[in-house]
Amino acid sequence: MKVIDLRSDTVTKPSKEMREFMMSAEVGDDVFGEDPTVNKLQEKVAELLGKEAALYVPSGTMGNQLCIKAHTQPWDELICDKDAHIYNYESGSIAGLSHVQVVPLNGKNGIFTAEQVEEAIRPEAYYLPKTRLVCVENTHNRGGGSIFPIEEIKRIKEVVDKYNLKFHLDGARLWNASIATGISMKEYAQYFDSVSVCLSKGLGAPVGSVIAGSKEFIKLVHRYRKAWGGGMRQAGILAAAGLFAIEHNFQRLAEDHRRAKYFANEISKISRIKIDPETVQTNIVLFEVEGLTAAEVCQIVKDNSKTGSSLLLSIGKKYLVRAVTHLDVNDDDIEEAIKILKAHFN
Ligand SMILES: *Cc1c(COP(=O)(O)O)cnc(C)c1O
């Protein structure tokens, strides 16, 4: 049976060309700093983000948490959206690894304002936690792939500077934001002390993320990466996939965005589906089906008793279904997915 997997852009598998490129990668011991392919990837991403240095890490979670660790001290406080990945989907690591607490802001689809940040900053007092860090996510995963407006980032940066805070960007999908807006990665990154980007989402690499910042900052996170068990040896064989992905799969993200928009427009015509296609800015589509939980919808289209193929979707929230376009789905797959939803919910 044909399976159309729209659960996430993390489900992509390395293509034959990517595998061949990985196989031919020059490698060395990266714990000695001697892997030329890892070094090349780090230089490439540092350049793309306009930062002095970068560090290859096994996952986006480790990347974000290393940055949080490096910017804070135990007992500090960080400010982020209530739906932030760092707060919801990283196993409680802000508390567990950095001993820092979170002030979750009530943003709209993951986007908050400079005023909300300023209001959440603690005055100086020995009995209050110390506000140390503000974190932005762009695009916003739980917010449905929403793009954080660069004008608001600039305004938040003014607040960050006024109170002498640090500013981190969870840019797991910054690639998508950049392609959708035409604003370069570097332009976005300039406002932040640290940036993390994923190679294994829309770009389609099997493994890896990169974090970037000043030389001094990277020296510190390098130390923590080793301490947390993230030092890898001949990692160039994996880093090669990242280099290949940036070269071949970055610009094509526009296709994923076009398909997500088309999918959203088409399913908005289905009688029991509730969605505003205008809210779809990149490759993530969130929608509701009248009278059904997201879990029920996922089960119905997975079993799909009507058209002979299986559609995999994921749960956004209790009543919010999530569909994500990516490298391994084409126009025909999207047509089939629409057909399955029509068959069940019209
Ligand atoms: C996927 C993702 C991450 C990192 O996830 P890993 O699975 O640890 O690589 C971080 N932030 C956002 C917004 C993400 O979507």
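Counting starts at 1 for both ligands and their atoms, in listed order.
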- Distance from atom 13 (C) of ligand 1 to nearest protein heavy atom, with residue and atom: Glu137 OE2, 3.1 Å

- Are Glu90 and Asn64 linked by a side-chain donor-acceptor pair shorter than 3.5 Å? yes

- Task: Could you find the nearest protein heavy atom to atom 1 (C) of ligand 1 and give me its residue, atom name and distance?
- Result: Lys201 NZ, 1.3 Å

- In terms of side-chain heavy atoms, does Asn283 have a donor or acceptor partner in Asp9 at a distance below 3.5 Å? yes

- If we number the atoms of ligand 1 from 1 as shown, the ones under 4.0 Å from a heavy atom of Glu90 are 10 (C)

- Query: Which atom pair, heavy atoms only, marks the closest approach of Ala337 to Phe263?
  - Reply: CB-CE1, 4.0 Å

- With under 30° as parallel and over 60° as perpendicular, where do the rings of Phe112 and Phe148 fit, or are they tilted in between? perpendicular

- Message: Checking a contact table here: which protein heavy atom is nearest atom 11 (N) of ligand 1, and how many Å away?
- Response: Asp170 OD2, 2.6 Å

- Query: Knowing that exactly one of Ile79, Asp81, Leu105 qualifies, which makes a side-chain contact (heavy atoms from CB on, under 4.5 Å) with Gln116?
  - Reply: Leu105

- Item | Residue portion contacting ligand 1 (non-hydrogen atoms closer than 4.0 Å) for Asn64 | side chain

- Item | Option from Val134, Asp193, Val195, Leu49 for which side-chain contact (heavy atoms from CB on, under 4.5 Å) with Leu169 holds | Val195

- Can you check whether Arg173 has an N/O within less than 3.5 Å of an N/O in ligand 1? yes

- Message: Counting non-hydrogen protein atoms only, what is the nearest one to atom 7 (O) of ligand 1? Give residue, atom name and distance.
- Response: Thr61 OG1, 4.5 Å

- Item | Close approach of Met62 to ligand 1, heavy atoms, under 4.0 angstrom | no

- ligand 1 and Thr139, any nitrogen or oxygen pair closer than 3.5 angstrom? no

- Item | Step-by-step salt bridge (Lys or Arg N to Asp or Glu O under 4.0 Å) determination, Glu47 to Lys186 | CA-CA 8 Å; Glu47 186 197 312; Lys186 196 185 273 189; over 6 Å; no

- Task: Could you go through the side chain to side chain contact (heavy atoms under 4.5 Å, CB included) check for Ser8 and Arg322 one step at a time?
- Result: CA-CA 8 Å; Ser8 171; Arg322 180 171 181 264; 4.3 Å; yes

- Note on the structure: If you scan protein heavy atoms around atom 10 (C) of ligand 1, the nearest is His85 ND1, 3.3 Å

- Query: Is it true that His140 lies under 4.0 Å from ligand 1, counting heavy atoms only?
  - Reply: no

- Query: So which heavy atom in the protein is nearest atom 9 (O) of ligand 1, and how far is it from that ligand atom?
  - Reply: Gly60 N, 2.9 Å

- Query: For ligand 1, which atoms have a heavy atom of Asn141 less than 4.0 angstrom away?
  - Reply: 13 (C), 14 (C), 15 (O)

- Query: Any sub-3.5 Å donor-acceptor pair from Lys261's side-chain atoms to Pro277's backbone N or O?
  - Reply: yes

